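Quantities reported herein were computed from a predicted structural model and do not represent experimental measurements. Proteins get letters first, then strands, A, B, ... in listed order; numbering begins at 1 in each.
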Amino acid sequence: MFALVDGNNFYVSCERVFRPTLQGVPVIVLSNNDGCAIARSNEAKALGVKMGHPWHQLRHLEEEAGLVALSANFALYGDMSDRMMSLAAGLGPSQEVYSIDESFIDLTGVRGDLKARALAVRERILRWVGIPCCVGIGPTKTLAKLANHVAKQAERKPGSYPPEHARVCDLSCLSRGAVDALLGSTEVGAVWGVGRRIGAQLVAGGVCTVLDLARLDPATVKRGWSVVLERTVRELQGQSCIGLDDAPAPKQQIACTRSFGRTVEAYTPLAEAVSEFASRAAKKLREQGSHAAQVLVFIRTSPFRQDPQYSRSMIVPMRRPSDDTPAIVAAALAGLKSIYQPGYRLAKAGVILLDIQPASRVQCEFDFEATSGQRDRSRLMQAMDSVNTRWGQGTIRVGSGRVGDAPRDWGMKQERKTPGYTTEWDDMPVAKA
DNA sequence: TCTGGGGTCCTAGGACCC
DNA sequence: TCTGGGGTCCTAGGACCC
């Protein structure tokens, strides 16, 4: 059995803790550069404000409806999240923090009235942290998610579901018929894992409610859609396919990307921004104790403008996997240099670290690293091994020939000059045929 | 004038191998 | 006219999540 504890309108609720006068008022929190709405109070939702709604289209509601718009304060939200999560953890033996405002709790072995227990935890979070939450309980994560949806809707829109489900909805204490009734009155698009695209396809095929989806044959779903949707159907049928992930794996990608407040055309400010993104990404990388072997940098114009469009990205292999800020910045700038073209009003840029590996593994390989990156090297080694196996040991040997000085096609000259790099790479062993 | 910033997983197709 | 088959790895793109 799983519970999903989810803070209501989380960013808005955080702001309201410190500004109680915002209670009962339509409030939204805006993204970077105050671009669009990323959190909405119930009152703002009632005004028709959508997730991702551009602020410039909403501005008129300030005067017309008393809408209050706040710039995001992510440091605050992260701190509030930590407090909320530690209280939510009291619900059961293990917890998966799924996002800044949601966590799954494994309720295995928890005895007694689950609903009463969830209500108590909800009260505690409200009293001690100030964040209102809803809790959904079900035999699978997908059903717990759905129960949470019911709990929220029943609270926010009286009449949408039976009022006893408001705030905490526990499917485990309901009859089969009662559960089916809830599924039958919920649109299929509300299911975790069914997005806009697949939702529309399902509706077009006559699968309109969650109950319709739950009654499909998993094998048919797999054939018609994917293994992902098949798993969702099984979960809706009560078969748990998605376990609790209480020790999340280190990230496989680390990104830092931003839209600019104003469009950028010149190289210098762009390079400054990219350096900053690369530094932030490198910091995140070190925090999880990893090294990255590739750095992706991208720039693009705004797809919402009539301007000439330009969108380029480049993946720059690191000389060796690293978490070193200067090295990562240099790689990002090398990439930027080769994709940059003057004459475009660029709206966004970013740096994404790829091919991320544990720092320990990288250390072992450090001394052996050749100029071409880890994968090329290991492919080279594999090739050598198979030749030597076939034709006899020593047919190909590691020699001491000098690697050519020709720059690589993405222009690594800049990276070579970076402090922290030495010329030793030019003397690395290469295979001589 | 003004439209977020992170992530994950799956699949199809091509390259390559034996 | 006939032109293997099975496997792996990699990549790009799509779909989803909050």
Side-chain angles (χ1 to χ4, degrees), chain A residues 4 6-11 28-40 49-60 62 69 71-72 74 77-78 81 96-104 141-142 145 148-149 152 189-202 222-223 225-232 241-242 245 248-263 277 280-281 284 288 293-294 296 298 300-307 313 315 345 347-356 373 375-376 378-379 382-383 385-387 389-390:
Chain A
L4 180 70
D6 188 330
N8 298 351
N9 313 329
F10 187 67
Y11 297 164
I28 58 175
V29 171
L30 299 173
S31 63
N32 270 319
N33 301 315
D34 294 343
C36 64
I38 54 172
R40 309 155 293 153
V49 178
K50 303 290 179 216
M51 192 69 170
H53 212 138
W55 168 232
H56 66 90
Q57 293 174 8
L58 297 171
R59 188 160 253 163
H60 65 100
E62 266 183 312
S71 298
F74 293 108
Y77 311 148
S81 173
E96 171 189 345
V97 175
Y98 180 69
S99 72
I100 194 162
D101 67 332
E102 286 174 70
S103 68
F104 287 101
K141 286 171 92 175
T142 303
K145 264 281 210 187
N148 185 275
H149 170 81
K152 275 195 194 163
V191 171
W192 189 40
V194 176
R196 262 218 324 249
R197 195 73 178 252
I198 290 172
Q201 290 170 12
L202 287 169
K222 183 177 181 180
R223 249 179 283 118
W225 281 275
S226 66
V227 296
V228 182
L229 194 64
E230 180 205 11
R231 198 177 59 190
T232 297
C241 307
I242 310 172
D245 193 3
K251 302 224 178 304
Q252 301 174 49
Q253 303 182 356
I254 290 175
C256 183
T257 72
R258 292 284 182 279
S259 297
F260 302 129
R262 245 178 268 128
T263 56
F277 301 157
R280 290 190 188 207
K284 291 189 211 170
Q288 73 163 32
Q294 300 184 327
L296 182 150
F298 74 86
R300 69 164 168 81
T301 51
S302 169
F304 304 107
R305 301 172 66 118
Q306 297 303 311
D307 293 345
S313 70
I315 294 175
R345 293 150 69 97
K348 186 170 181 174
V351 171
I352 304 176
L353 305 181
L354 305 168
D355 202 348
I356 288 175
R375 197 177 305 114
D376 285 357
S378 87
R379 267 159 65 182
Q382 281 165 14
D385 290 345
S386 50
V387 168
T389 301
R390 184 156 178 193

For a quick check of understanding: with a heavy-atom distance under 4.0 Å over all strands, which category does A:Ile198 fall into, base, sugar-phosphate or nothing?
sugar-phosphate
Atom pair distance, as rounded to whole Å: CG in A:Asn9 and P in C:dC18
14 Å
Got a sec, which residues hit side chain to side chain donor-acceptor pair (under 3.5 Å) with A:Glu62, two or more places apart in sequence or on another chain?
none
Tell me every residue that passes ring-ring contact (aromatic ring centres under 6.0 Å, His included) with A:Tyr98, counting only those two or more places apart in sequence or in another chain.
A:Phe104, A:Trp192
Once you apply a heavy-atom cut-off of 4.0 Å, does A:Val97 come out as touching a base, just sugar-phosphate, or nothing?
nothing
How many Å lie between CD on A:Gln201 and C1' on C:dA15, as a whole number?
10 Å
Per-nucleotide protein contact string for nucleotides 3-13 of chain B, where B marks a base within reach and S marks sugar-phosphate only (heavy atoms under 4.0 Å, - for neither):
BBSSSBSSS--
Which residues satisfy the ring-ring contact (aromatic ring centres under 6.0 Å, His included) test with A:Tyr77, sequence neighbours excluded?
A:Tyr11, A:Phe74
Where does DNA chain B pair, written as one dot-bracket string 5' to 3', with Watson-Crick or G-U pairs under 3.5 Å, ( ) inside the strand, [ ] for crossing pairs and | for another strand?
....||||||||||||||
Holding to side chain to side chain donor-acceptor pair (under 3.5 Å), I want the full list of residues that pass it with A:Arg345, two or more places apart in sequence or in another chain.
A:Asp307
For a quick check of understanding: with a heavy-atom distance under 4.0 Å over all strands, which category does A:Arg196 fall into, base, sugar-phosphate or nothing?
sugar-phosphate
Distance between the C1' atoms of B:dC17 and C:dG4, in whole angstroms?
14 Å
Kindly compute the distance separating CG (A:Asn9) from CD1 (A:Ile28), expressed to the nearest 0.5 Å.
12.5 Å
Give one of base, sugar-phosphate or nothing for A:Lys145, where a contact means two heavy atoms less than 4.0 Å apart.
sugar-phosphate
To the nearest 0.5 Å, what is the distance between NE2 (A:His53) and CE (A:Met51)?
13.0 Å
Nearest 0.5 Å, please: how far is OG1 in A:Thr257 from CZ in A:Arg280?
11.0 Å
How far does CG of A:Leu353 sit from NZ of A:Lys284, to the nearest 0.5 angstrom?
8.5 Å
A:Trp225 CH2 to C:dC16 P: how many Å, rounded?
12 Å
When rounded to the nearest 0.5 angstrom, what distance separates NZ in A:Lys222 from CG in A:Leu229?
12.5 Å
